[in-house]
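Residue numbers begin at 1 in each chain, while the letters A, B, ... track the order of the sequences.
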Amino acid sequence: MFHAASLPRGAPSHAYPWLMSKETVGGSTECVTRFAPSPTGHLHIGGARSALFCWAYAKRMGGRFMLRIEDTDAARSSDESARGIMEDLAWLGIEWDDGPSLSLRDGRVVGAHARDVGGYFQARRVPLYNRFIEQLVKAGRAYPAFESNEEIEAQRKLAVAAKQTYRYPRPAEIEFAVFNAALESRWKRACAGESHVIRFAAPREEVVVPDQVLGDVKIAAGELDDFVIRKADGFPTYHFAVVIDDQTMGVTHVMRAQEHLANTPRHVALQRALRDEKTGAPFRTPGYAHMPLIFNMDGSKMSKRDKAKFARKAAKDAIAKDAPARERIIAGTGLPEKSISDFLAGDTDAVEIAEKVGRFMGLTLPEVEVHDFRANGYIPAAIINFLALLGWNPGMKTADGKDLEKFDMKFIAEHFSIERIGRTNAKFDRAKLLSFNADAIGAMSDAEFAGLWRVWCEEFEPPFAKVVPGDGWETLGRAVKARAKTFRDAVKASAFLMLDDNTYPFDPAAVAKNLTAADGAGLAMVRAVRERLAGLDPFDAGLIHSILEQLAQHSGGMGAVAQPIRVALTGSAVSPPLGETLAVLGKARTLTRLDRCLRLLSV
RNA sequence: GGCCCCGUCGUCUAGCCUGGUUCAGGACACCACCCUUUCACGGUGGGUACAUGGGUUCGAAUCCCAUCGGGGUCACCA
């Protein structure tokens, strides 16, 4: 027997001639990949990686990347979700050639030149699915089944109780691949409107999934049961819609997470049973590539519930340390007492509650959706680079012999290959992402950083954006850029700006060390600096800096000058460089603060 | 539990296909030192890994087998 595992990875399987796809490099058919999310929420970071890999492969092969919305779950799908997913993809820079169109802020339209394939929302393609359902029934490869969901569920429970795998038993009257009288009668009942589902008559032979990452994956005969391909509500199931669409939309390569691997035999079996409406030829089996899964550092799945877990733990810790904290949280979030107690008890993982608690407590909740990363100040380029490395590696070295791991989408589009996708599940290391983001920020010019940071602040930190003087962004940005791994960090580093000039508190330790020690030497320095600053015009970072330097020459170093000023100005011993800090604060606010400090602390 | 996938530093990984050049290289994180007006940035250095056990071979992280471990999946959700 042919041993697939001995094949080089990525090689086509010669054991199954129908798989010999013509859709290879240089062939007449161009490569088409697709990302097919179901619009039931935001774009998950793992989904973003799937989309990126699909995009990358299509670009590398000079083909097309398609976005298809799998909204066959009428109850859970929503248009808002679909739009949100598209916006997240566009924000990351993953743009689709084919798919619904989306207008960007800059006026461009993604998907403007999409091929006409009859719609990219599955819910609008139902008549197409139904034609193929009928084809399958007439061929004796699918049949209506009339059991209710409850009946099936009861039987499944029985099987589970007996520690057996439940498989729907094919009715004795159904003959494989024959449209017999019994089937015809069932079909008539179904067409007459009797409630039913359509089940696929699965083959009773081994099914092979040709996977370009894992090699051929064989599923023994009898593992597949007669699964449902059309639900009672008339919508196709995922398995059916995906096969019909991939065929009719010309998809040549299916790349998705490994959690789908176990479903793939169903798809392959379906493909072998279905015929093209025009040519009568069997459906193509696309090239499959299942990529490794992404987990949290502790091995759990990355899920929205992580936010609730994180916020709950922080809240519980705070309450354990200080019982009244509970009341403060209730008051501070404006949430009903019941919501908070349910939340703390773990009865609900509602994201809205988690986010309110998180905001009130000043927590940064773990990001799991693309939008979370965006809201927390991450840069698309850093996310893309990091994601690309999760399960793929270019296997190249830099000029100085290190592993190449910093690259952009252009590089990915030029070098991506399925052969270099790994097979091992990966853990999502936020620390490394953060480091990538810091590097991306560090690589920006001051002007570039200031511009992007400002736009971000205006959307996600409006109160802060308001206190930054219009002409102060670049000066401030220059001062905090190196201190920020994210845009939000840069806001934190600029916290001094948000302080109320007349009420901000002083850190006693910092005061003792830098102001009142040595008979108030620090205070004397504050006084001296205040005198010089009072007459300064313009109040410019460079000029301020040189004044401080002059002072430093006569008083034993910069430390003796800078630290007292820092404490006087911000209440703490930590701040960005003083020139920029004072300049952005402005002369009036600076003098107000220095005067207040002198007034409060002088003896 | 059945079926399937996977197993190199704490994490992402290079190396594995084409066994020796590897007492295993890089990055992030961590620690130490240097730089320094604080905090950062930056620089230098350091520790930590081939899951285990059997083979094959002169020689195995690399090939084979077993065990153990991790994960996925078993829906009228995708």
Side-chain angles (χ1 to χ4, degrees), chain A residues 6-9 36-40 70-73 75-77 145 147-149 152-153 156 160 163-167 196-199 209 211 213-215 217-220 223 225 227-233 235 237-239 241-242 257-265 290 292-293 295 297 299 301 386 389-398 401-406 419 422-436 438 442 480-485 489 493 510 514 545 548-549 552 557-563 565-567 570 572-578:
Chain A
S6 64
L7 279 173
R9 295 178 55 209
S38 74
T40 54
E70 309 221 330
D71 54 352
T72 55
D73 184 341
R76 296 199 302 152
S77 298
E147 295 87 353
S148 71
N149 202 4
I152 298 289
E153 213 42 62
R156 176 174 292 117
V160 170
K163 298 205 180 223
Q164 306 231 287
T165 303
Y166 175 78
R167 292 196 180 85
H196 70 286
V197 299
I198 301 290
R199 287 180 180 272
V209 176
D211 190 284
V213 171
L214 303 170
V217 177
K218 296 170 189 166
I219 280 71
E223 283 298 319
D225 74 347
F227 56 94
V228 173
I229 56 178
R230 188 174 74 189
K231 299 178 268 187
D233 65 5
F235 280 106
T237 59
Y238 159 73
H239 301 302
V242 96
Q258 259 179 41
E259 66 196 73
H260 289 285
L261 180 60
N263 290 144
T264 312
H290 287 94
L293 269 13
F295 295 98
M297 290 299 274
K301 273 191 179 177
F386 179 73
L389 249 9
L390 236 40
W392 180 76
N393 189 292
M396 295 180 188
K397 301 285 183 191
T398 59
K402 298 182 171 181
D403 289 4
L404 177 68
E405 59 172 22
K406 290 301 176 68
E419 299 87 82
R423 314 179 212 49
T424 318
N425 290 163
K427 290 180 179 165
F428 194 91
D429 186 353
R430 293 166 193 284
K432 184 154 182 168
L433 201 215
L434 219 36
S435 160
F436 273 40
V480 299
K481 201 175 81 165
R483 266 143 268 260
K485 290 181 192 296
D489 282 350
N514 299 297
H545 184 250
L548 296 181
E549 267 189 332
M558 200 54 151
V561 179
Q563 286 310 88
I565 301 302
R566 224 183 296 273
V567 177
T570 70
S572 89
V574 178
S575 90
L578 288 178

Note to self: At 4.0 Å (heavy atoms only), tell me whether A:H260 reaches a base, stays on the sugar-phosphate, or touches nothing.
What the structure shows: base

Next item on the list: Could you work out which one of B:G72, B:C76, B:U37 sits closest to the side chain of A:F295?
Entry: B:G72

Margin query: Measure CG/A:N149 against C1'/B:C77 and give the value in whole Å, please.
Written below: 12 Å

Checklist line | Nearest-angstrom distance, C1' atom, B:U62 to B:G19 | finding: 6 Å

Notebook entry, point to check: Side chains of A:D429 and A:M297: closer than 4.5 Å at any heavy-atom pair?
Noted result: yes

Note to self: Side-chain N or O of A:T72 versus OP1/OP2 of B:A78: is the shortest distance under 4.0 Å?
What the structure shows: yes

Margin query: Check whether A:T72 reaches the backbone of A:F235 with its side chain - one donor and one acceptor, N or O, closer than 3.5 Å.
Written below: no

Margin query: Does B:C16 have its OP1 or OP2 closer than 4.0 Å to a side-chain nitrogen or oxygen of A:R423?
Written below: no

Checklist line | A:R483 vs A:D489, side-chain contact (heavy atoms from CB on, under 4.5 Å): CA-CA, chis, key distance, verdict | finding: CA-CA 7 Å; A:R483 266 143 268 260; A:D489 282 350; over 6 Å; no

Note to self: Over all strands shown, is A:N514 touching base, sugar-phosphate only, or nothing at heavy-atom distances under 4.0 angstrom?
What the structure shows: nothing

Notebook entry, point to check: Which pair of heavy atoms, one from A:A573 and one from A:V567, lies closest together, and at what distance?
Noted result: CA-CG2, 4.1 Å

Item checked: Mate of B:U44 where both pairing distances stay under 3.5 Å, Watson-Crick or G-U -> B:A32

Next item on the list: Tell me which nucleotide among B:C12, B:C76, B:U38 gets nearest to the side chain of A:P577.
Entry: B:U38

Item checked: Whole-angstrom distance between B:A29 and B:U48, as gauged at atom C1' -> 12 Å

Next item on the list: Would you classify A:T424 as touching base, sugar-phosphate or nothing, given that sugar-phosphate means primed atoms plus P, OP1 and OP2, and contacts are heavy atoms under 4.0 Å?
Entry: sugar-phosphate

Checklist line | Integer angstrom distance from the C1' of B:C77 to that of B:G15 | finding: 41 Å

Checklist line | Which nucleotide in B:C28, B:A78, B:C4 has an atom nearest any side-chain atom of A:L261 | finding: B:C4

Item checked: Test item: A:S435 side-chain N/O and A:A431 main-chain N/O as donor-acceptor pair under 3.5 Å -> no

Note to self: Would the distance check show the side chain of A:D71 and the main-chain N or O of A:P39 forming a donor-acceptor pair, the cut-off being under 3.5 Å?
What the structure shows: no

Next item on the list: Have a look at A:S148 and say if it touches a base, only the backbone sugar-phosphate, or nothing, with a 4.0 Å heavy-atom cut-off.
Entry: base

Item checked: A:N393 side-chain proximity, nearest of B:A29, B:A14, B:C4 -> B:A14

Next item on the list: With heavy atoms under 4.0 Å as the rule, sort A:V561 into base, sugar-phosphate or nothing.
Entry: nothing

Note to self: Between A:R199 and B:C76, is there a contact of a side-chain N or O with OP1 or OP2 at under 4.0 Å?
What the structure shows: yes

Next item on the list: Take atom P in B:C41 and the same atom in B:C28, then report the distance between them in whole Å.
Entry: 12 Å

Next item on the list: Indicate, yes or no, whether a donor-acceptor pair under 3.5 Å links the base of B:A29 to the side chain of A:K432.
Entry: no

Next item on the list: Provide the distance between the two P atoms, one in B:U37 and one in B:G26, to the nearest whole Å.
Entry: 33 Å

Next item on the list: Apply the test side-chain contact (heavy atoms from CB on, under 4.5 Å) to residues A:T237 and A:K231: give CA-CA distance (whole Å), side-chain angles for both, the deciding distance (0.1 Å), then the verdict.
Entry: CA-CA 6 Å; A:T237 59; A:K231 299 178 268 187; 3.7 Å; yes

Check: Choosing from B:C76, B:G2, B:G72, which nucleotide comes nearest the side chain of A:E223?
Finding: B:G2

Notebook entry, point to check: Which one, B:C76, B:C5, B:A14, comes nearest to the side chain of A:T237?
Noted result: B:C76

Next item on the list: Give the nucleotide from the list B:U11, B:U37, B:G72 with an atom nearest to the side chain of A:M297.
Entry: B:U11

Checklist line | Sugar-phosphate only, base, or nothing, as touched by A:R76 at under 4.0 Å among non-hydrogen atoms | finding: base

Note to self: If you apply the rule side-chain contact (heavy atoms from CB on, under 4.5 Å), what do you find for A:V217 with A:H290, and how did you get there?
What the structure shows: CA-CA 11 Å; A:V217 177; A:H290 287 94; over 6 Å; no

Item checked: Spacing of the C1' atoms in B:A51 and B:A61 (rounded, Å) -> 12 Å

Check: How would you label the contact of A:H545 with the nucleic acid (heavy atoms, under 4.0 Å): base, sugar-phosphate, or nothing?
Finding: base

Next item on the list: Please state how far atom OH in A:Y166 lies from atom P in B:G2, giving the value in whole angstrom units.
Entry: 21 Å

Next item on the list: For A:A262, answer base if it contacts any base atom (sugar-phosphate contacts may also be present), sugar-phosphate if it contacts only those atoms, and nothing otherwise; contact means non-hydrogen atoms under 4.0 Å.
Entry: sugar-phosphate

Note to self: Between B:G20 and B:U44, how many Å separate the two P atoms, rounded to a whole number?
What the structure shows: 31 Å

Item checked: Side-chain donor/acceptor contact of A:R483 with base of B:C39 under 3.5 Å -> yes

Item checked: B:C74 - base-pair partner by Watson-Crick or wobble geometry, distances under 3.5 Å -> B:G1

Notebook entry, point to check: Within the structure shown, what part of the strands sits under 4.0 Å from A:P265 by heavy-atom distance: base, sugar-phosphate, or nothing?
Noted result: nothing

Notebook entry, point to check: Contact class for A:A431 vs. all strands (heavy atom < 4.0 Å): base, sugar-phosphate, or nothing?
Noted result: sugar-phosphate

Item checked: Nucleotide B:U37, atom P - distance to CD of A:E549 in whole Å -> 9 Å

Next item on the list: Tell me the partner of B:A27, counting only Watson-Crick (N1-N3 plus N6-O4 or O6-N4) or G-U wobble (N1-O2 and O6-N3) with both under 3.5 Å; none if nothing fits.
Entry: B:U11

Notebook entry, point to check: Base, sugar-phosphate alone, or nothing: which one does A:G395 contact when heavy atoms must sit under 4.0 Å apart?
Noted result: nothing

Item checked: Earlier contact from the 5' end, RNA chain B, for A:E70 and A:A426 -> A:A426

Next item on the list: Kindly point out which of B:U11, B:A78, B:A40 is positioned nearest to the side chain of A:A482?
Entry: B:A40

Item checked: B:C74 glycosidic torsion: syn (within 90° of 0) vs anti -> anti

Check: Has the side chain of A:R167 got a donor or acceptor atom that lies under 3.5 Å from a matching backbone atom of A:E223?
Finding: yes

Note to self: Does a side-chain N or O of A:K485 approach OP1 or OP2 of B:C39 to a distance below 4.0 Å, or not?
What the structure shows: no

Notebook entry, point to check: Taking only side-chain nitrogens and oxygens of A:R167, does any of them come within less than 4.0 Å of OP1 or OP2 of B:C74?
Noted result: no

Note to self: Could you tell me how far B:U22 sits from B:U8 if I compare only their C1' atoms? Round to whole Å.
What the structure shows: 12 Å

Margin query: Of the options B:G26, B:A78, B:C76, whose atoms approach the side-chain atoms of A:D73 most closely?
Written below: B:A78

Notebook entry, point to check: In whole angstroms, how far is the P atom of B:C77 from the CZ atom of A:F227?
Noted result: 14 Å

Check: Want to settle it: does A:I219 or A:G391 sit nearer the 5' end of RNA chain B, counting the closest nucleotide to each?
Finding: A:I219

Margin query: Looking at the base of B:G1, is there any donor atom on it, or on the side chain of A:T165, that sits under 3.5 Å from an acceptor on the other one?
Written below: yes

Checklist line | Candidate nucleotides B:A78, B:A29, B:C5, ranked by approach to the side chain of A:K231 - the nearest | finding: B:A78

Item checked: Base partner of B:C39, which must satisfy Watson-Crick or wobble distances under 3.5 Å -> none

Checklist line | Side-chain donor/acceptor contact of A:D429 with base of B:A29 under 3.5 Å | finding: no

Checklist line | salt bridge (charged side-chain N to carboxylate O under 4.0 Å, His left out) between A:E405 and A:K432, worked out | finding: CA-CA 12 Å; A:E405 59 172 22; A:K432 184 154 182 168; 3.4 Å; yes

Next item on the list: Classify the nucleic acid contact of A:Q258 as base, sugar-phosphate or nothing, counting any heavy atom under 4.0 Å across all strands shown.
Entry: sugar-phosphate

